[in-house]
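As structure tokens, the structure follows; a few thoughts come after it.
Throughout, protein chains are lettered first and strands after them, A, B, ... in sequence-line order, and every chain is numbered starting at 1.
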Number of protein chains: 2
Amino acid sequence: MSGRQSGRPTLEQVAARAGVGRGTVSRVINGSPRVSEQTRTAVARAVAELGYVPNQAARALAGSRTDAIALVIPEAEARLFAEPYFLDLIRGVSAELAEADKQLLLTLVRSEQERQRFEQYLAAQRVDGVLLASVHGDDPLPDRIRELGLPVVMNGRRAEAEPVPYVDSDNIGAGRAAVAHLVGRGRGRIATVTGPLDMYVARARLGGYRAGLAEAGLSPDEALVSAGDFTEEGGRRAMRLLLDRSPDLDAVFAASDVMAAGARAALREAGRRVPDDVALVGVDDSPVARLMDPPLTSVRQPIEEMGRTMARMLLQEIAEAPQEPRRHVLPTELIVRESC
Amino acid sequence: MSGRQSGRPTLEQVAARAGVGRGTVSRVINGSPRVSEQTRTAVARAVAELGYVPNQAARALAGSRTDAIALVIPEAEARLFAEPYFLDLIRGVSAELAEADKQLLLTLVRSEQERQRFEQYLAAQRVDGVLLASVHGDDPLPDRIRELGLPVVMNGRRAEAEPVPYVDSDNIGAGRAAVAHLVGRGRGRIATVTGPLDMYVARARLGGYRAGLAEAGLSPDEALVSAGDFTEEGGRRAMRLLLDRSPDLDAVFAASDVMAAGARAALREAGRRVPDDVALVGVDDSPVARLMDPPLTSVRQPIEEMGRTMARMLLQEIAEAPQEPRRHVLPTELIVRESC
DNA sequence: CAACGACGTGGGAGCGCTCCCATCCGGGAC
DNA sequence: GTCCCGGATGGGAGCGCTCCCACGTCGTTG
């Protein structure tokens, strides 16, 4: 209730009130150990009395660090995965950053022009590091950012071997688990609707599918593989193609829930019952899976946890104290419902 | 390709290169008209040659404006509306801000403690203004922020009469449109599953439902009104209750798609066919609506447009040049599908 | 008992920009 | 020719902080 007369208080004013020097207050604020207990309390009281809050701009200017990190999401993908994927990711990142008292700058990139503008930001020293979601197979951005000297962590990777630090989910394991489950239910003609194969995530899930077949002693059959594009319509088309080519299939592993929904519609059109005639498994465990009829068995990714891990890794890179490895592959989990 | 030797270039260096003073370069950068054409070009060339990008922190410190705005989303709601609602909103906000070259700081608030921390940020002068999504009926935050002297714009409102600038969708119109459609299809016993009535949005949709009945000359019946909580489970419970109380109902207006999905499940359990026995309408036009069986008729809100409008309003408030009114109610639109 | 670290502290020197005032220049009015 | 005015320009004075060096003031060592 005091000392509020002229704008926000500054370090200087706190120092005067506590009867110490500017440097000392700064030390207390930043938790330096080189301050006596007595002084510390005196300063803390002055801070409380004046309601002092450090000016972020001044801090950033003097200390050349912003306490903010950027999360970049390509707009096209945000639309594609309309699912809560990105929200979950954001939630995880946000939670971890909040604990570290860092700001989250969200950047939706929707055009090449905006991507360039974003590189400008980086150059303007607005953030201490960058989180990249959903990187394309040939995206040069991660490397560009590193050239600028900024720490980066990606969600997913561009290829099996990825030089830039990343957090991915075990997409191969996801495919294997799905196939194993279907095999366990007695299915022997298991088809798959893949994502676009220029994305590593799609290739990995397909690889898992193949590995699953091999482990079950089933021989691969390219007629049972059809490429979708992670959209519902794409799933529908791919499913029609599969039914056409291999009418005897008795199960389908769709590389995403949305495609599974499309496949389900195509199955209905074709008069196939789920799960009686054809069992169905998706990936993502999105709300859509729960609401489908019948509810969809799906492989869950720990999306929020990926977000948290990314943020944690980035903070360590920024602190130049990477304690964890620079690559993380988090486990997936099969959620069994009535679709198989 | 030049002058890259010592960190990023500063204003001073650009000035030296262009053979002018610091002030002049600043004027050019900021588009001041008081610069001769000739000087302007010379400076522009120096900027390009050195790859100069203004340091944001220095700008903020000297100019006391940050070119960043905060978007605050209560975590609980983000979970509730798991739908793409917030992503769409973010998309709109982001698009508008990108055009104005402003940064978007996303803040997910998940506890009272974090809310207080957020107020600290504001005091730390990190942002020029605040966008508030999904405000509770009795949320004091909007007023608190205004007390701090920061411009605010909310998404939705706390009550019919709302002092703080806001952008809302026409929820009353949504209810009326839904009912009118059902009446047009020959339904006469139209029930509704509402949202939690301590939220204005829920009350408004209920109000629209009632207005719709009145306009059709149907008499209201409280046995046809049941409160949900915007969750699937809540929708299911409310629907069961309605079937119990009014077995003769022939249509339901659910105040959200998610609740409609719950209601649909309850109808299935009860052996009622949709739309033959009971017609169903939701609100949001979310992906869930499209994927339901049968696909759900739903009232679409212009979410992304709301985001854009909010951002535009806020920018005007910041510039102290509000050209638009401080309240916006955007129209909704009925998307007809097979559920009625 | 002098010399010497170690610790706690004060405050100068910037960080890179914006704001603003003083200065300069040229052309028109008298 | 002199005076005046307005537009263009240079650069000082901060903005509020961090960094770091210098300065006591002790307790300890030889």
Side-chain angles (χ1 to χ4, degrees), chain A residues 3 6-44 46-47 50-68 101 120-121 123-126 128 318-319, chain B residues 3 6-44 46-47 50-68 101 120-121 123-126 128:
Chain A
S6 60
R8 316 226 127 265
T10 71
L11 243 205
E12 195 90 46
Q13 292 168 27
V14 175
R17 174 136 194 157
V20 299
R22 218 170 60 257
T24 303
V25 178
S26 177
R27 261 167 238 132
V28 173
I29 299 284
N30 294 297
S32 155
R34 334 192 123 280
V35 180
S36 74
E37 206 43 56
Q38 191 185 0
T39 312
R40 189 182 303 281
T41 7
V43 171
V47 166
L50 294 175
Y52 170 74
V53 179
N55 177 312
Q56 178 49 33
R59 262 190 153 162
L61 179 56
S64 52
R65 111 203 111 105
T66 62
D67 286 340
D101 223 357
Q120 299 268 302
Y121 289 150
Q125 330 242 10
R126 275 176 168 281
D128 296 336
I318 290 170
Chain B
S6 59
R8 317 227 125 264
T10 69
L11 243 204
E12 196 88 45
Q13 291 168 29
V14 175
R17 174 133 193 159
V20 300
R22 220 172 57 256
T24 302
V25 177
S26 176
R27 261 166 239 134
V28 173
I29 299 284
N30 295 295
S32 154
R34 334 194 121 280
V35 180
S36 74
E37 206 43 56
Q38 190 184 1
T39 311
R40 188 182 303 281
T41 359
V43 171
V47 165
L50 294 175
Y52 170 74
V53 180
N55 178 310
Q56 179 49 33
R59 263 191 154 161
L61 180 56
S64 54
R65 112 204 111 110
T66 62
D67 286 339
D101 224 357
Q120 299 268 300
Y121 289 149
Q125 331 241 11
R126 274 175 169 281
D128 295 337

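Contacts of B:Gln125 classified as side chain to side chain donor-acceptor pair (under 3.5 Å), with partners at least two apart in sequence or in another chain: none. Every residue meeting the side-chain contact (heavy atoms from CB on, under 4.5 Å) condition with B:Glu12, not counting sequence neighbours, appears here in chain and number order: B:Thr10, B:Arg22. Here B:Ala58 pairs with A:Leu61, B:Asn55 under the side-chain contact (heavy atoms from CB on, under 4.5 Å) rule; sequence neighbours left out. The side chain to side chain donor-acceptor pair (under 3.5 Å) test applied to A:Ser36 returns A:Thr39, not counting sequence neighbours. Checked against side-chain contact (heavy atoms from CB on, under 4.5 Å), B:Ala42 has no partners two or more places apart in sequence or in another chain. Every residue was checked against the side-chain contact (heavy atoms from CB on, under 4.5 Å) condition with B:Ala62, not counting sequence neighbours, and none meets it.
With A:Thr66 contributing its side chain and A:Ala60 its backbone, the two residues share no donor-acceptor pair below 3.5 Å.
Each end of the helix from C:dC1-D:dG30 to C:dC30-D:dG1 gets its own axis from five base pairs, and the two axes differ in direction by 50°, given to 10 degrees.
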Can you pull every protein N or O that's under 3.5 Å from an N or O on nucleotides 22-25 of chain D?
none

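Among all heavy-atom pairs drawn from A:Ala124 and B:Val53, the shortest one is CB-CG1, 3.6 Å.
Base engagement by B:Arg22 is indicated by at least one non-hydrogen atom pair under 4.0 Å involving a base atom.
A 4.5 Å side-chain heavy-atom check between B:Tyr52 and B:Val43 finds every atom pair outside the cut-off. Between B:Leu11 and B:Pro54, every side-chain heavy-atom pair lies at or beyond the 4.5 Å cut-off.
Of all nucleotides in DNA chain C, those with any atom nearer than 4.0 Å to a heavy atom of chain B start and finish, going 5' to 3', at C:dG16 to C:dC20.
Mapping B:Thr24 and B:Ala58 onto DNA chain D by nearest heavy atom places B:Thr24 at the nucleotide closer to the 5' end.
Pairs engaging residues 25-37 of chain B under the salt bridge (Lys or Arg N to Asp or Glu O under 4.0 Å) rule: B:Glu37-B:Arg40 [sequence neighbours left out]. Annotation: salt bridge (Lys or Arg N to Asp or Glu O under 4.0 Å) contacts involving residues 57-66 of chain B, sequence neighbours excluded, comprise B:Arg65-B:Asp67.
For DNA chain D, the residues of residues 27-40 of chain A within the heavy-atom distance limit of 4.0 Å (strictly under) are A:Arg27, A:Asn30, sorted by number.
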